[in-house]
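Scroll down for the structure; my scribbles are underneath it.
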Amino acid sequence: MHLSEQEIERRKSREELTNMGINPYPAESFDVNVSAQDIKQNYESDKLNYKNISIAGRLMSKRIMGKASFAEIQDSTGRIQIYVNRDEICPDEDKTLYNTVFKKLLDIGDIIGIKGYVFTTQVGEISIHVKELTVLTKSLRPLPITKETTDEQGNVKRYDAFTDSEQRYRQRYVDMIVNPEVRNTFKKRTQLVNSMRYFLGNKGYLEVETPILQPLYGGAAARPFKTHHNTLDMTLYLRIANELYLKRLIVGGYDGVFEFAKDFRNEGMSRFHNPEFTQVELYVAYKDYEWMMDLVEEMVEKVAMDIHGTTEVKVGENIINFQRPWKRYTMYEAIEHFTGIDISEMNEEELRKTAEKLHVPVDDSMGKGKLIDEIFGEKCEAQLIQPTFITDYPIEMSPLAKKHPTKEGLVERFEAICNGKEICNAFSELNDPIDQRQRFEEQLELGKRGDDEAMVLDEDFLRALEYGMPPTAGLGIGIDRLSMIMTNSNSIQDVLFFPQMKPEKKAKVATEADFVEAGVPKEWAPVVMEAGIRTIEELKDTKHTKLHHQISGLKKKMKLDIPSVSPEDVKEWTS
RNA sequence: GACUCGCUAGCUCAGCUGGUAGAGCACAUCCCUUUUAAGGAUGGGGUCUUGGGUUCGAACCCCAAGCGGGUCACCA
């Protein structure tokens, strides 16, 4: 293992501490009675209360001035300056705690506990005068340390910040140490979830848990992750949605159920997509989608208030106002609003022509519903910045939603669009088991025609519906998407602690010696490499007949005077 | 998956038309008792992501690979 100069230095310091009888990783607890934030906020008005404090944190900077030093420690609430005076922490003749331990063996990143009192320096900074210092954890890796200044408005300016996104996502713990606003983002995400949980719980709905491993995946149109259960010897899928299970619970007699669910979709990744993501789904009996719109407005407005204390949230260049009521358009109205074209009476042929006229890419496989959806997606969605409800979707896209009672070809469904992206999806749930069976069968047809996201038929779900599900309103809200908006984050990776990444293994290229090791004759190894085989694994994966053909050709081409090999010889190398 | 940009010290970045690598911070040694992006002096630290190729010579040019970012596609 290769260690950098600074890592070696820190390992030595760890040794030295141990040799001095100081445990760099003590077991006993260190009691803390105050936080950095508490001191900064309350010291001025309540000085007597800060005469005897105990605080712990990570050492973030060190300024040594001979017999006295300033440093900063950072706890979960922020940074605070400490003042360390040699003769105060070492009142006796023995000055090693200051001269050796503090000055030499402690590094930025180490975790220490201190006891002392709060005071204000000549320059006016509230600081802690250290009386006792305890090493709590020695850090062996140098932090990507950043220096920062705070101007009079309290704005923190950071120099040489740790910005490499790859390292930030792979080593989130480091990101959180040196970029404290990251911790704040995730705190807001938790506030958001708590706010919703409280809101829904308060209305009397029951928070539940349903299977993540499902024998059939359903409730959405997406490709699943597939896995296998050994004991039952059966295929299981990671859920793409929990909709069908929550509806079974409505059949069972609950009036309202909700679940904060991790769902998994085996699809592309982007700044809006991670293979696993979080949704809250809610189902309420005896309600319809109109009622659900009111609930969404109320809940999201409250979330904004709980997080920001206002309904206005800055997102990129825009100020988004979640105050009720939100604008409501039917999908037809929205398209007419943004394109000036009324498509409500058009047939498929006219829709296709309209799409082409609007430069919306179409293909022959698209039916009426898909065409409408494409026009909306291309021409309207991105322009909807303020929260807006879009209602009444084409039936083809919504196999689980109830048909609209008066509008032919549409269902009672809405989405809320905000900052140009969908944040929720809801409908009056289809509870007619015969209709539901037909819709599933239409999906099966799509599947047969090659749509690998078409829904599969869930016989048990239909059985549940046949017992009777009351009229029900259902809702799904993308927690990650909403968190992005509420925290002004540009990428889903910024609201996931550990976004999905490829493993960080380096490209390992085999050498000539490795090929010889694997059984390739010495004189042939360079030829194999020339044939484009880079690793031993690649060699094993290659068909021996193909490789034999290839290297024999190369032998001629490179005019090599080496003994020929037979396909059987090559087979030896590749097995 | 496609296109595109990037990868140089622990971090942030320079590095000209190809001539064997630099800065600031961090680190080490020394000086300094209220400093604050503390300061002063000295010093160490690099398989320039990996593998090939072109060349007398490659961080730089060419080909491949790895990982990441952005945009697009599928999707929430």
query = Base, sugar-phosphate alone, or nothing: which one does A/K104 contact when heavy atoms must sit under 4.0 Å apart?
reply = sugar-phosphate

message = Pick the closest RNA chain B nucleotide for A/L106 and for A/E148 by heavy atoms, then say which residue is nearer the 5' end.
response = A/L106

ask   = For A/K147 and B/C25, is the shortest distance between a side-chain N/O and OP1 or OP2 below 4.0 Å?
value = no

ask   = A/Q6 side chain: which of B/G70, B/C74, B/G10 is closest?
value = B/G10

Below 4.0 Å: OP1/OP2 of B/A38 and any side-chain N or O of A/R63 = yes

request  = Take atom C1' in B/G22 and the same atom in B/C63, then report the distance between them in whole Å.
outcome  = 30 Å

query = Between CG of A/L3 and CD1 of A/I8, what distance do you get to the nearest 0.5 Å?
reply = 5.5 Å

ask   = What does B/A28 pair with, Watson-Crick or G-U, if both distances are under 3.5 Å?
value = B/U42

task = Look at A/K421 together with A/E381 and state whether they make a salt bridge at an N to O cut-off of under 4.0 Å.
result = no

inquiry  = Suppose you measure atom C1' in B/G46 against the same atom in B/A26; what distance do you get, rounded to whole Å?
reply    = 16 Å

Under 3.5 Å on both distances, the Watson-Crick or G-U partner of B/C7 = B/G66

remark   = Rounded to whole Å, the CD-P distance (A/E7 to B/C11) equals 10 Å

query = Given the C1' atoms of B/U17 and B/A58, what is the spacing between them in whole Å?
reply = 14 Å

message = Under a 3.5 Å cut-off for both contacts, is B/A37 paired Watson-Crick or G-U wobble with anything, and if yes, with which nucleotide?
response = none

Side-chain-base donor-acceptor pair under 3.5 Å for A/T163 and B/U12 = no

task = Verify the contact: side-chain N or O of A/R170 to OP1 or OP2 of B/G68, cut-off strictly under 4.0 Å; return yes or no.
result = yes

inquiry  = I'd like to know if the side chain of A/T77 and the backbone of A/D75 have a donor-acceptor N/O pair within less than 3.5 Å.
reply    = no

key: Of the listed nucleotides B/U34, B/G69, B/C11, the one nearest the side chain of A/P144   = B/C11

key: Given B/U12, B/C27, B/U35, the nucleotide with the shortest approach to the side chain of A/E9   = B/C27

inquiry  = Partner lookup for B/A58, please. Criteria are Watson-Crick or G-U wobble with both distances under 3.5 angstrom; report none if nothing qualifies.
reply    = none

task = Would you please confirm or rule out a distance under 4.0 Å between OP1 or OP2 of B/G69 and any side-chain N or O of A/Q493?
result = yes

query = Which part of the nucleic acid does A/G478 contact within heavy-atom distance under 4.0 Å: base, sugar-phosphate only, or nothing?
reply = nothing

ask   = Distance-only, no hydrogens or angles: does the A/K62 side chain make a donor-acceptor pair with backbone N or O of A/D107 under 3.5 Å?
value = no

request  = Using a heavy-atom cut-off of under 4.0 Å over every strand shown, decide if A/I64 touches base, sugar-phosphate, or nothing.
outcome  = base

request  = Identify which nucleotide among B/C32, B/U36, B/G10 has an atom closest to any side-chain atom of A/V123, counting heavy atoms from C-beta outward.
outcome  = B/U36

task = Measure the shortest side-chain to side-chain distance between A/R168 and A/V182 over non-hydrogen atoms and say whether it is less than 4.5 angstrom.
result = yes

request  = For A/R10 and for A/Q279, find the nucleotide of RNA chain B with the closest heavy atom, then tell me which residue's nucleotide is more 5'.
outcome  = A/R10

key: B/G15 versus B/G6 - spacing of their P atoms, nearest Å   = 12 Å

request  = Check every atom of B/A37, B/A73, B/C67 against the side chain of A/E378 and return the nucleotide holding the closest atom.
outcome  = B/A73

key: C1' spacing across the pair B/U8 / B/U47, given as an integer number of angstrom   = 12 Å

inquiry  = Of the listed nucleotides (B/U12, B/U35, B/A73), which one gets closest to any side-chain atom of A/F70?
reply    = B/U35

Complementary nucleotide for B/G1 - Watson-Crick or wobble, under 3.5 Å = B/C72

inquiry  = Should the side chain of A/Q81 and the base of B/U35 be counted as holding a donor-acceptor pair, with the cut-off at 3.5 Å?
reply    = yes

query = If only side-chain N and O atoms of A/Q167 are considered, is one of them under 4.0 Å from the OP1 or OP2 phosphate oxygen of B/C11?
reply = yes

inquiry  = How many whole angstroms separate atom CZ of A/R265 from atom C1' of B/A73?
reply    = 17 Å

query = Do any N or O atoms from the side chain of A/D110 and from the backbone of A/S139 form a donor-acceptor pair under 3.5 angstrom?
reply = yes

ask   = Side chain of A/E5: nearest nucleotide among B/G44, B/C67, B/C27?
value = B/G44

ask   = So does A/R271 get a side-chain nitrogen or oxygen closer than 4.0 Å to the phosphate oxygens (OP1/OP2) of B/U71?
value = yes

ask   = According to the interplanar angle, ranging from 0 to 90°, do the rings of A/F186 and A/F497 count as parallel (below 30°), tilted (30 to 60°) or perpendicular (above 60°)?
value = parallel

query = Using a cut-off of 4.0 Å on non-hydrogen atoms, how would the nucleic acid contact of A/D87 be classed: base, sugar-phosphate, or nothing?
reply = base

